[in-house]
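When reading the values below, keep in mind they use all heavy atoms of this one structure, side chains included, and skip hydrogens, waters and symmetry mates.
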Amino acid sequence: MFHKLLFSRRNFSSLYPKRNFHIDYLKDIQIITNDYCQSLKHIYESFSTHKIKLSDIQTMKLNRTDKDQRLILNLTFEERDSYKFNKLYQELQNGHDQVLTNKNSKIPIVPWFPRGENDIKSLGLLMVVNEENNQFHPQFTDQEYRERREQIAKISQQHVFGQKIPSIDYTQKEEATWKKIYSILRKKGNPLLAQRYLKNLEKIENALGFKYKVPQLSDIDAYLRAETGFRIKATHGILSQREFLNALAHRVFCCTQYIRHHAYPEYSPEPDLIHEVVGHVPLFADKEIADLSQEIGILSCGVEQKDLSRLGTLYWFTLEFGACKENGQIKGYGAGIASSTGELDNFHIANYEKFDPFIHADRTYPTQIVQPTYLYCESFDEVIQELRMFGQSLQKPFGLYYDFVEKELKATKVIQTHLQNP
């Protein structure tokens, strides 16, 4: 049985000290580790080697996935010799992802993040976004288009997360724009995009009829829920980086419903339905990439602005504009490449660099022109491993995991949050 004993509650040791243990010496330690054969046995042996007695053991699963299952262990032990404990603590730190003790009782104050389903409803309403868009593009200068875009955005903004996403009655002009650009993207993308992306897109295409009509978000939501457990929240437009990434921690994708300007369907200066559906949705339909997206989201929750920006940059260079090798050739898989004819035309003539998150997390990038350089990995698996290694290097004053049963993010100790603009 997996118990849910967190540091936000009173310590187990102070409530029920076991016989032959002196309450004044009982301490708590928390270990987050990979779940491998005999992983618990090795931890118990470490305590035994240093002659430190365990009073209580509580375990629970962390972020259930098919691969790299991890565990949280809350251990209560008797500390009579600080030298022995320090040696044990160093050994545990060297062998496991995270080791926390209750020595520091100060409550950390961190940026606000959505804990549960009700908090998700407020995304898009709390934080101010400083948009960097091409204000001379028809999407901003065509008054008729602006009125239609705002009409759709208003419908999206009124969507209450957890309820059915409202359908949009797309006009003939919008349907024609979708069909035209979708056909061009499929033709240009086939030789340039990774098979893993293309297979997911083809599967969705066959299920929802992308070729022939503008898809409704409610249908995409149902499809993703069945495939990977990802869900859709309709949104009025671009969100802050913090809100977008935080939503991923709940396996929620915030998605627009309006379509780019009909006069320039090849390019949109802001995220639109074509970018969201053609670019992002096939990635969220992939189990491993969906799990990775959620891990990035969890890492983004409660981090200070510097680390949030670094995570956002890595998301940009991977799931937005990433590339990987396939049969010796570099292929694109990022949403920004797959949903833009300009990026597809540019992809085979641009520069390429080997992706290293520890180097590229602080690199700047353009948002209103095609990317001058694409970062690639040897395989999808390498992308996943590189990002996970970087995530483990981030230091937060608390642990965080997603409870799949209660659909809630839970901290491993008491924290306070404050609301700030990114």
Side-chain angles (χ1 to χ4, degrees), residues 32 63 97-98 100 104 106-116 119-133 233 235-254 256 269-271 280 292-322 334-336 355-368 371 375 386-402 408-422:
I32 298 179
N63 302 338
D97 293 343
Q98 192 174 55
L100 302 172
N104 187 355
K106 184 178 179 181
I107 296 176
I109 302 175
V110 301
W112 179 89
F113 60 89
R115 304 281 191 99
D119 292 335
I120 297 173
K121 296 175 183 178
S122 63
L123 293 178
L125 305 175
L126 296 175
M127 300 182 186
V128 176
V129 182
N130 295 318
E131 297 187 47
E132 182 187 341
N133 287 324
K233 182 188 185 303
T235 186
H236 62 287
I238 192 169
L239 299 183
S240 69
Q241 189 177 67
R242 187 176 294 278
E243 289 175 297
F244 177 80
L245 293 177
N246 284 181
L248 297 179
H250 294 266
R251 295 179 94 87
V252 172
F253 173 43
C254 295
T256 57
E270 58 182 346
H280 284 290
L292 174 65
S293 299
Q294 184 178 29
E295 289 183 36
I296 293 173
I298 291 173
L299 288 171
S300 77
C301 291
V303 297
E304 297 302 327
Q305 185 58 40
K306 180 180 179 181
D307 281 337
L308 178 77
S309 297
R310 300 179 84 205
L311 284 170
T313 297
L314 294 179
Y315 190 90
W316 180 271
F317 284 132
T318 54
L319 297 179
E320 284 287 358
F321 289 97
F355 176 62
D356 184 333
F358 294 95
I359 294 176
H360 296 123
D362 297 306
R363 174 178 287 191
T364 58
Y365 51 85
T367 61
Q368 294 300 311
Q371 300 301 296
L375 306 182
E386 290 279 359
L387 286 174
R388 283 179 174 159
M389 285 176 59
F390 179 84
Q392 290 172 10
S393 73
L394 295 180
Q395 297 297 317
K396 283 201 293 191
F398 66 100
L400 194 65
Y401 74 99
Y402 184 75
E408 183 178 350
L409 284 170
K410 294 186 175 180
T412 56
K413 63 186 296 185
V414 175
I415 59 172
Q416 292 182 359
T417 61
H418 66 85
L419 187 61
Q420 65 171 26
N421 284 324

Is the backbone of Asp356 close enough, under 3.5 Å, to the side chain of Glu386 for a donor and an acceptor to pair up by distance?
no

Would you call Phe113 and Asp119 a side-chain contact if the rule is heavy atoms closer than 4.5 Å?
no

Distance alone, cut at 3.5 Å: any donor-acceptor contact between the side chains of Gln371 and Trp316?
yes

Is the closest side-chain heavy-atom distance between Ile238 and Glu270 below 4.5 Å?
no

For Phe390, what residues pass the ring-ring contact (aromatic ring centres under 6.0 Å, His included) criterion, not counting sequence neighbours?
Phe358

Phe244 versus Pro271: any side-chain heavy-atom pair under 4.5 Å?
no

Do the non-hydrogen side-chain atoms of Arg115 and Thr417 ever get within less than 4.5 Å of each other?
yes

Any side-chain heavy-atom pair from Leu248 and Ser300 closer than 4.5 angstrom?
no

Hits for side chain to side chain contact (heavy atoms under 4.5 Å, CB included) against His280, two or more places apart or cross-chain, chain-then-number order -> Phe253, His275, Glu276, Phe284, Tyr315, Glu320, Ala335

Quick check against the 3.5 Å criterion: does Arg363 have a side-chain atom that pairs as donor or acceptor with the backbone of Thr313?
no

Kindly indicate whether the side chain of His250, heavy atoms from C-beta on, has any atom under 4.5 Å from the side chain of Pro114.
yes

Any side-chain heavy atom of Gln416 within less than 4.5 Å of one from Pro108?
no

